[in-house]
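All chains are named by letter (A, B, ...) in the order of the sequence lines, taking the proteins before the strands, and each is independently numbered beginning at 1.
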2 protein chains.
Amino acid sequence: MAERKRRANGEESRRRILAAAVEVATERGYDGTSIAAVSQKSGLPASSIYWHFANKEALFEAVLEDRFEVWMRSVTAPEGSSEMQAAMMLASGTADAFHEAPEFLRLGFMLVLERRPTELSARKRFLDLRDIGRQRLADFAVQLAPAADPAAVDRLLSYAIAAADGMFLAKQMDPGLDLNELFDLHAQLMIDALMRLGEAR
Amino acid sequence: MAERKRRANGEESRRRILAAAVEVATERGYDGTSIAAVSQKSGLPASSIYWHFANKEALFEAVLEDRFEVWMRSVTAPEGSSEMQAAMMLASGTADAFHEAPEFLRLGFMLVLERRPTELSARKRFLDLRDIGRQRLADFAVQLAPAADPAAVDRLLSYAIAAADGMFLAKQMDPGLDLNELFDLHAQLMIDALMRLGEAR
DNA sequence: CTGTTCCTGTAGTGATCATTCCAGTAAGGT
DNA sequence: ACCTTACTGGAATGATCACTACAGGAACAG
């Protein structure tokens, strides 16, 4: 009763719709994504899409949520023996996620750059999800330099995230770019700066 | 004969169309920008838009070109007495440009994030224009650390640009963010790293 | 006055848009 | 056996899409 079985293939249909929506959306953005295109790519009629999702906006919210999960699974928690190693692993894990699960950031940034008179709910959702990710990083940063000024650490974290986001963009502008090289440099610079913050007190 | 006068108000109409297009495009992206909306916002009929520009794609190319000019005027060349000061001024100049002329990056990044089967010509144009900007920075970087390994300097430049791009994104995600603070940190980190590159040889 | 160039205004074109209606079907519960 | 729930298929709706055809006006050249 409470735990209901799936009668038809609704569960899989939902997945197929989401997969198709991700594909189309990352190709052409929100307005460029037509329900007809999602329908065609998923093999399901528009009415099915509207049975699973209230409207286009809700579909995008679901897509973002879905891709966030994949993103978080891809960025594995670093557990190096030293702080230095842990930071390096975090950096390379993020670099991997850029390859394996780029859709979350790609879609999210598309939405973030828009300035609609009324904000898309998917945009807001993206920002909320990202805050969750940021909190994880904040915990990690405090762990690395417990003695440092919290405000300064926070500022450095903002910078570190911005740099990573920028590297994602750079990869889109130049697919041949060696991200691992840049992420190594990133990790080194951030660790250096963080250690200096710890000593300065 | 060679230098023709404007019979009607074509020159100003073109500007009005571009201004309207920038506004609509930064609100909703490429597919979300309708010629009807540009027409309404500019006060000119669609036929005028199509007289000035071959099609929607060409209009976007022109918009990007126009905003690039504004962007470059806004990022004033730094001429501090020391390298440190020059770098700081470059950083704060870029931060100013983020406020005064954000449309170039906003539109460009929107286009960059898309992955259409056939690339928009405006996207390609954006990448070309950005390369011009990058070359200016490369010249500046070499000037700062002439003794350093050129490949290492180039990598650091890629990182520096990425970080700046990421800060632009961060500003869109959190309009209350203090960019100057982040840019100061950025300039310091980059100068430190560049000096270390110079000494390492 | 005549012709040319530049630009605007009106009124369309067929295609595609998001969304809805609703009848139909397959499976589960009872 | 029958009712309910979960979905699908197809057709339709009115709005909006990029773009065009074309006639006409304003400014200049001769």
Side-chain angles (χ1 to χ4, degrees), chain A residues 1-21 23-25 27-63 111 114 116-118 120-123, chain B residues 1-21 23-25 27-63 111 114 116-118 120-123:
Chain A
M1 211 167 192
E3 184 67 24
R4 208 173 271 286
K5 274 189 185 177
R6 285 122 227 122
R7 316 291 182 88
N9 41 351
E11 195 90 345
E12 201 210 309
S13 288
R14 200 189 127 99
R15 268 195 299 269
R16 289 238 300 272
I17 292 167
L18 283 179
E23 244 186 282
V24 181
E27 271 179 14
R28 328 208 9 154
Y30 181 82
D31 278 292
T33 299
S34 72
I35 300 296
V38 176
S39 163
Q40 195 170 14
K41 195 153 264 184
S42 67
L44 290 160
S47 56
S48 289
I49 299 178
Y50 279 95
W51 191 90
H52 286 282
F53 307 96
N55 49 37
K56 194 173 154 181
E57 235 184 300
L59 171 60
F60 266 71
E61 277 190 72
V63 165
L111 293 169
E114 293 186 358
R116 308 195 172 228
T118 62
L120 287 175
S121 57
R123 192 189 120 113
Chain B
M1 209 166 195
E3 184 66 26
R4 210 173 269 289
K5 273 189 184 174
R6 287 121 227 122
R7 318 290 184 88
N9 40 352
E11 195 90 346
E12 202 211 309
S13 288
R14 199 189 128 98
R15 269 195 297 268
R16 289 238 300 271
I17 292 168
L18 283 178
E23 245 186 280
V24 181
E27 271 178 14
R28 328 206 12 155
Y30 182 82
D31 277 294
T33 299
S34 72
I35 299 297
V38 176
S39 162
Q40 195 170 14
K41 196 153 264 185
S42 67
L44 290 159
S47 56
S48 289
I49 299 177
Y50 281 96
W51 191 90
H52 286 282
F53 307 96
N55 49 38
K56 194 173 155 181
E57 235 184 301
L59 170 61
F60 266 70
E61 278 190 70
V63 165
L111 294 169
E114 293 186 356
R116 305 191 175 231
T118 61
L120 287 175
S121 58
R123 192 188 122 114

Visitor: Grab the CZ-P distance between B:Phe53 and C:dT8 for me, whole Å please.
Guide: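 Taking CZ of B:Phe53 and P of C:dT8, I get 11 Å after rounding.
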Visitor: What pairs meet the side chain to side chain donor-acceptor pair (under 3.5 Å) rule with one or both residues in residues 27-40 of chain A, with sequence neighbours excluded?
Guide: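 Pairs touching residues 27-40 of chain A that pass the test: A:Arg28-B:Asp31, A:Asp31-A:Arg116, A:Asp31-B:Arg28.
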Visitor: Calculate the interatomic distance between A:Glu11 atom CD and D:dC7 atom P; express it in whole Å.
Guide: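 Rounded to the whole Å, the gap is 8 Å.
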Visitor: Got a list of protein N/O to nucleotides 15-19 of chain D N/O distances below 3.5 Å?
Guide:
| residue | atom | partner | partner atom | Å |
| --- | --- | --- | --- | --- |
| D:dC17 | OP1 | B:Ser34 | OG | 3.2 |
| D:dA18 | OP1 | B:Thr33 | O | 2.9 |
| D:dA18 | OP1 | B:Lys56 | NZ | 3.0 |
| D:dA18 | OP2 | B:Ile35 | N | 2.9 |
| D:dC19 | OP2 | B:Tyr50 | OH | 2.9 |
| D:dC19 | OP2 | B:Lys56 | N | 2.9 |
| D:dC19 | O5' | B:Tyr50 | OH | 3.4 |

Visitor: Rounded to whole Å, please give me the gap between CG in A:Leu120 and C1' in C:dA18.
Guide: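 Distance check: A:Leu120 CG to C:dA18 C1' gives 14 Å.
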Visitor: Starting at atom CD1 of A:Ile49, determine the distance to atom P of C:dC21, rounded to an integer number of angstrom.
Guide: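 Distance check: A:Ile49 CD1 to C:dC21 P gives 17 Å.
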Visitor: If you look at every heavy atom in A:Ala20 and A:Lys41, which pair is closest and at what distance?
Guide: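 Closest approach of A:Ala20 to A:Lys41, heavy atoms only: CB-CB, 3.9 Å.
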Visitor: Which of these nucleotides, D:dA21, D:dC7, C:dC21, is closest to any side-chain atom of A:Ser47?
Guide: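 Given the options D:dA21, D:dC7, C:dC21, the side chain of A:Ser47 is closest to C:dC21.
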Visitor: OP1 or OP2 of D:dT8 less than 4.0 angstrom from a side-chain nitrogen or oxygen of A:Asn9, does that happen here?
Guide: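 It does, given that an N or O in the side chain of A:Asn9 lies less than 4.0 Å from OP1 or OP2 of D:dT8.
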Visitor: In whole Å, I'd like the distance from the CD atom of A:Gln40 to the C1' atom of C:dC17.
Guide: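 Checked: the CD to C1' distance equals 15 Å.
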Visitor: Looking only at heavy atoms, which two atoms of B:Val38 and B:Ile17 are closest? And how far apart?
Guide: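 In terms of heavy atoms, the two residues are closest at CG1-O, 3.9 Å.
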Visitor: Give the minimum heavy-atom separation between B:Ala122 and B:Phe60, together with the two atoms involved.
Guide: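 Result for this residue pair: CB-CB, 3.8 Å.
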Visitor: Working note: B:Val63 + B:Phe53, criterion side chain to side chain contact (heavy atoms under 4.5 Å, CB included); need CA distance, chi angles, decisive distance, verdict.
Guide: CA-CA 11 Å; B:Val63 165; B:Phe53 307 96; over 6 Å; no
Visitor: Quick one: A:His52 NE2 to C:dT19 P, roughly how many Å, whole number?
Guide: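 Roughly 16 Å, once rounded to whole Å.
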Visitor: Nearest whole Å is fine: how far is C:dT19 P from A:Trp51 CH2?
Guide: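 Value for this atom pair: 18 Å.
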Visitor: Looking at A:Glu114 and A:Arg123, is there a salt bridge between them, counting it only when a charged N and a carboxylate O are closer than 4.0 Å?
Guide: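 A:Glu114 and A:Arg123: not salt-bridged.
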